[in-house]
Amino acid sequence: MTARPIIEIRGLGKFYDGFEALKNINLDVHSGERIVICGPSGSGKSTLIRCINRLEEHTSGELVVDGIELGEDTKDIRAVRQEVGMVFQQFNLFPHLTVLENLTIGPVRVRKIAKAEAEARARKYLERVHIPEQADKYPAQLSGGQQQRVAIARSLCMEPRIMLFDEPTSALDPEMINEVLDVMVELAGTGMTMIVVTHEMGFARKVADRMVFMERGEIVEVAPPDVFFTAPKSERCRAFLDQILEH
Amino acid sequence: MAEAAFPASSARPRRRLTLRRVFASRVVSIALYAIIIWLIFRTARTGAEAMGYNWQWYRVPQYFLRRTEGGYELGELVTGLGASLLLSSVAFLLALIVGLAVALLRLSDLVVGKAVARVFLEIVRNMPLLVLLYVFYYVGGPIFGFDRYTASVLCLGVFHGALVSEIFRAGINSVGRGQWEAAKSIGMTRGQSYRYIILPQSIRFMLPPLTGEAVNMIKSSAIVSVIAVAELTTAGRNIISDTYMSFEIWFTVALVYLVVTLCLSVFVSRLEQRHAVKT
């Protein structure tokens with residue numbers, strides 16, 4: 001690899017009142033790479049990706065996103081956030097706005113693009129997530145799977161360079177998981193840089209370039225999926241995979 | 001209501017009539033209210049008769065509307081009511097501004113801002129409204145040159161601003177953390193998040209208590225009559241000093257306040273219903 005990684009994480013640590021949530025995390029992500037992070041709950045997966053757009057502040061180490069080092073400067077942080085889309089477990093759509101308004105508010109208010117252009121863009125991405133007909137509804141009128149697809153489209157409307165997914169299917173009813181994963185697989189096909197925290201191992205096998213296994217705030221193993229699923233090096237990782245692949 | 005819970009079985013024996021259930025029934029409670037009101041009126045009447053009070057209700061309507069050579073003219077009670085509503089509206093607007101500013105300061109990360117807001121709240125909340133009014137008028141007047149009206153508006157605005165700020169704070173806190181995170185993650189500033197995401201959602205929670213506060217504002221605006229600002233209560237006092245009809249006029253003034261505040265409550269509960277259907 002010659003180009004500079006789009007995300008550089010060096011010796012990252014995070015302390016929350018007396019508890020070490022992240023310990024010495026080192027990870028480089030290159031543009032166009034798809035990383036899937038898995039691990040038991042409480043292992044720091046969510047904390048790690050929330051550090052990348054600074055919803056959490058790291059307490060030690062260095063984090064450079066798209067050439068900007070994340071520190072105290074709020075202007076830099078906002079610049080980074082515009083380039084880093086985030087999809088939450090609980091969708092977090094804006095309930096007082098229609099679907100279309102949810103998608104246009106970022107581009108219009110933050111990116112300052114014209115309203116008509118923002119709407120055209122919003123309709124394009126609604127098409128991409130297969131719900132163009134829901135544009136004028138309110139989030140509460142949609143199913144969970146549809147809401148999560150709107151949330152993905154909302155992030156895409158900012159035309160970010162990186163997309164973070166924080167357990168995007170964990171709050172969904174089983175029959176809606178696939179409609180969301182399908183959209184994510186299609187997105188991976190477009191060359192988007194993606195970091196996904198998930199337990200959906202079928203999805204991971206299909207799209208991941210590298211698997212990251214975390215436990216107790218540390219990265220235990222990083223491997224390509226074929227190695228990761230067939231011959232994990234660490235004992236802890238094997239035990240975890242046995243547990244979730246059993247069924 | 002109690003019967004509705006067991007609709008099908010007619011075989012079920014009738015429930016015993018307890019004292020509690022008798023008082024809970026609508027007929028009984030309306031009757032009780034009627035008796036209480038009748039008692040109050042009777043006491044007032046007999047008391048007034050005993051002291052030889054001369055009722056002159058026929059003289060009251062002219063203070064609402066009277067006929068002159070030129071046509072009709074609004075009476076003192078109506079112009080006074082208008083002045084009360086205007087005063088309350090201006091002061092309420094000020095209270096909203098003060099309240100929002102104080103609430104945002106308290107929720108900010110600024111240590112000094114938080115402290116200033118806390119001190120302001122504690123001072124205002126723990127001081128009687130009447131004393132606050134005297135401070136604004138007798139101290140603020142000479143120093144800053146406030147006239148009666150300015151002192152009244154400022155006093156009412158600041159006093160209710162403290163209460164309104166707590167309403168704003170509760171409303172803002174009722175919007176979940178996820179909304180903040182979603183707003184941040186698309187690159188919004190704190191100000192943009194408040195304006196486009198958080199405040200529009202918290203209005204739904206704030207509307208009912210804000211109505212209550214508007215009603216309180218109209219009621220406490222009566223206090224400015226002590227520094228002779230022209231409004232409904234002052235108008236009532238002036239009429240009484242001319243005519244000595246204190247019973248009729250105070251009853252009338254009380255009724256006017258009651259009608260206005262009830263109308264406001266009904267109007268806002270309608271507004272709320274319409275708002276609730278949308279989302």
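Below, chain A is the first sequence line, B the second, and so on; all start at residue 1.
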Quick check: does any side chain N or O of A/H96 sit under 3.5 Å from a backbone N or O of B/Y196, one acting as donor and the other as acceptor?
yes
Note, A/I105 side chain near B/M188 side chain (heavy atom, < 4.5 Å):
yes
Can you find a pair of side-chain heavy atoms, one from A/F88 and one from B/S185, that are under 4.5 Å apart?
yes
Distance-only, no hydrogens or angles: does the B/Q192 side chain make a donor-acceptor pair with backbone N or O of A/R109 under 3.5 Å?
yes
So does A/R161 have more than 12 non-hydrogen atoms from other groups sitting under 6.0 Å from CZ?
no
Can you see which heavy atom on B/A182 is nearest to which on A/F94, and at what distance?
CB-CE2, 3.7 Å
Tell me, side chain or backbone of A/R50 under 4.5 Å from chain B's heavy atoms, or both, or neither?
side chain
Looking at B/R125, I want to see if its CZ is surrounded by more than 12 non-hydrogen atoms of other residues, nucleotides or ligands under 6.0 Å.
yes
Rounded to the nearest 0.5 angstrom, the OG1-CD1 distance for B/T189 and A/I77 is 13.0 Å
How many angstroms lie between atom CG of A/L97 and atom CD of B/Q201, to the nearest 0.5 angstrom?
7.5 Å
Crowding at CZ, A/R10 (>12 non-hydrogen neighbours, <6.0 Å):
yes
Heavy-atom pairs under 4.5 Å with chain A: which of B/G178, B/A183, B/G176 has the most?
B/G178
Which bit of A/V84 is near chain B, if near means a heavy-atom gap under 4.5 Å: side chain, backbone, both or neither?
backbone
Distance check, rounded to the nearest 0.5 Å: A/N53 atom CG versus B/E181 atom CD?
8.5 Å
Count the heavy-atom pairs under 4.5 Å between each of A/M158, A/M86, A/Q82 and chain B, then report the option with the highest count.
A/M158
How many angstroms lie between CZ in B/R190 and CZ in A/R78, if you round to the nearest 0.5 Å?
12.5 Å
To the nearest 0.5 Å, how far apart are CG in A/L103 and CD1 in B/I186?
10.0 Å
